[in-house]
Amino acid sequence: MIRKNFDKSIEWYRKCNHVIPAACSTIAKTPSRLIENVSPFCCSRANGSYFIDIDENKWLDCEMAMGTVVWGYNPPFLTEALIRQLEKGISFSVAGDNEYQYAEMLLKKFSCYDSVKFFKNGADSVYAAVRASRFLSKKNRVLSCEYHGWLDWSCFHYYGKEPQAYGIPDNTKYSSMHCEADKEAVMKQLIAANEELACVVLCPGSFLKEDLEVIIKECHHYNIFVIFDEVTSGVRYGYKGVSGAYDLYPDYLCISKGLTNGLPLAVCMGKRENILIMEELKISNAHSSENLSIAAAIACEQEMSTRPVWPTWKTQCETVMDHISLQIKKSNMSQKLSLKGYPGNFHVYSQNDFYTDPFRDCLIRMLSAEGIFSKGFILFSAAHSTEAIELTGQIICDCIEKYANSID
């Protein structure tokens, strides 16, 4: 066990909590998802697969900035690219020369598309696709089944409350639909039964390929646009995301996390007529064409193209996940614990409520005792060593055994 001091971290939280909502402007990074005197609340610096908190404790990071950092912190190739762009400038009064360069790279990679628009975050890219779908279809309703950001059209559905609970107009609920349980079958029914359905928004990694094929076919039969939200999966899943792995491409493909190794950038790709209409719809913000993030994306894309296997940690993580599955069975926990995800992002859980899941609590504590940081999800990077991945997997297996013994 590694003993750590958290005094500065706790003091920082007590001060910050009165100034910034939840002490961090990104909800997924807030201390509310962590455990006082077990988890660090504030980071000082990071390098490779490690970060140092403000108490000078060193952590093996298995969160990697919500999965946005896929190459590890401060990889030399990226640092050099950012310095070159900083010397040229970050943002200009007209478009920078690298915006078109990166667009060409993406459209060569995803050759079924003709156009791309850049955004600063994934939620905006998905919502732009929703807006465009509504306009082009002349229909209003949207169907989704997972989390797609905090915006009015989807937020209240995901959290299971009435729109007013989040300051959203009540009539918004009539323009969108949401399904969770048995979503493949329910979605097929809703697609056929709703003449006003403009688009369906899916996280493709949550579906089997054959189910997605049927859903896409049904949508196109009823002139409904298909939007893939690969904001989280995308680069973490594979070189061309879930879409490439399944060889299934929607009307709109949205990708964000991992494109830049941590800088803010998202993309929405589609056919020319589906993307260029966004000019007419006045979809824009001041920083969409900021050039530092685009320079980072170009450098990351070039680096990725040199790797024979992507993600680099895929095979090793698949082995770890196999060991975890075996441990769940060995511990007779198949009815009480579930393993969900893929080598880029997986977790073991005992219940759906993330905040109160007792297994997550046990796992965070056991990982912390060995100097490993996680909120419950495991996200590796190209900077993680073989030993680090194996150690993390072993601790998860040990935690499964411990948890099983505690509830016997």
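Note that these values count all heavy atoms, side chains included, but never hydrogens, waters or copies made by symmetry.
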Kindly write out the residues that satisfy salt bridge (Lys or Arg N to Asp or Glu O under 4.0 Å) with D361, not counting sequence neighbours, or none if the list is empty. R365

Cation-pi geometry met for K109 and Y239 (6.0 Å, 45°): yes

How about Q394 and E390: do any of their side-chain heavy atoms sit closer than 4.5 Å? no

Here's one to test your reading of the geometry: is the NZ or CZ of R360 within 45 degrees of the ring axis of F354 and under 6.0 Å from its centre? yes

Residue set satisfying ring-ring contact (aromatic ring centres under 6.0 Å, His included) with F228, at least two apart, ordered chain then number -> none

Residue pairs passing the ring-ring contact (aromatic ring centres under 6.0 Å, His included) test where at least one lies in residues 200-221, sequence neighbours excluded: none

Please tabulate, one pair per line, all N/O donor-acceptor pairs under 3.5 Å involving side-chain atoms of residues 268-276, not counting sequence neighbours.
residue: K271; atom: NZ; partner: C112; partner atom: O; Å: 2.9

Taking only residues two or more places apart in sequence, or in another chain, which ones meet F135 in a ring-ring contact (aromatic ring centres under 6.0 Å, His included)? none

Under 6.0 Å from the six-membered ring centre of F6 and within 45° of its axis: does the NZ or CZ of K4 meet both? no

Just list the side-chain donor-acceptor pairs under 3.5 Å for residues 123-131, sequence neighbours left out, or say none.
residue: D124; atom: OD2; partner: N121; partner atom: ND2; Å: 3.4
residue: S125; atom: OG; partner: G122; partner atom: O; Å: 2.7
residue: R131; atom: NH2; partner: L281; partner atom: O; Å: 2.7

Check for me whether K58 meets the cation-pi criterion with Y50, that is, NZ or CZ under 6.0 Å from the six-membered ring centre and within 45 degrees of the ring axis. yes

Quick one: sort the Y147 and Y159 rings into parallel, tilted or perpendicular, breaks at 30° and 60°. perpendicular

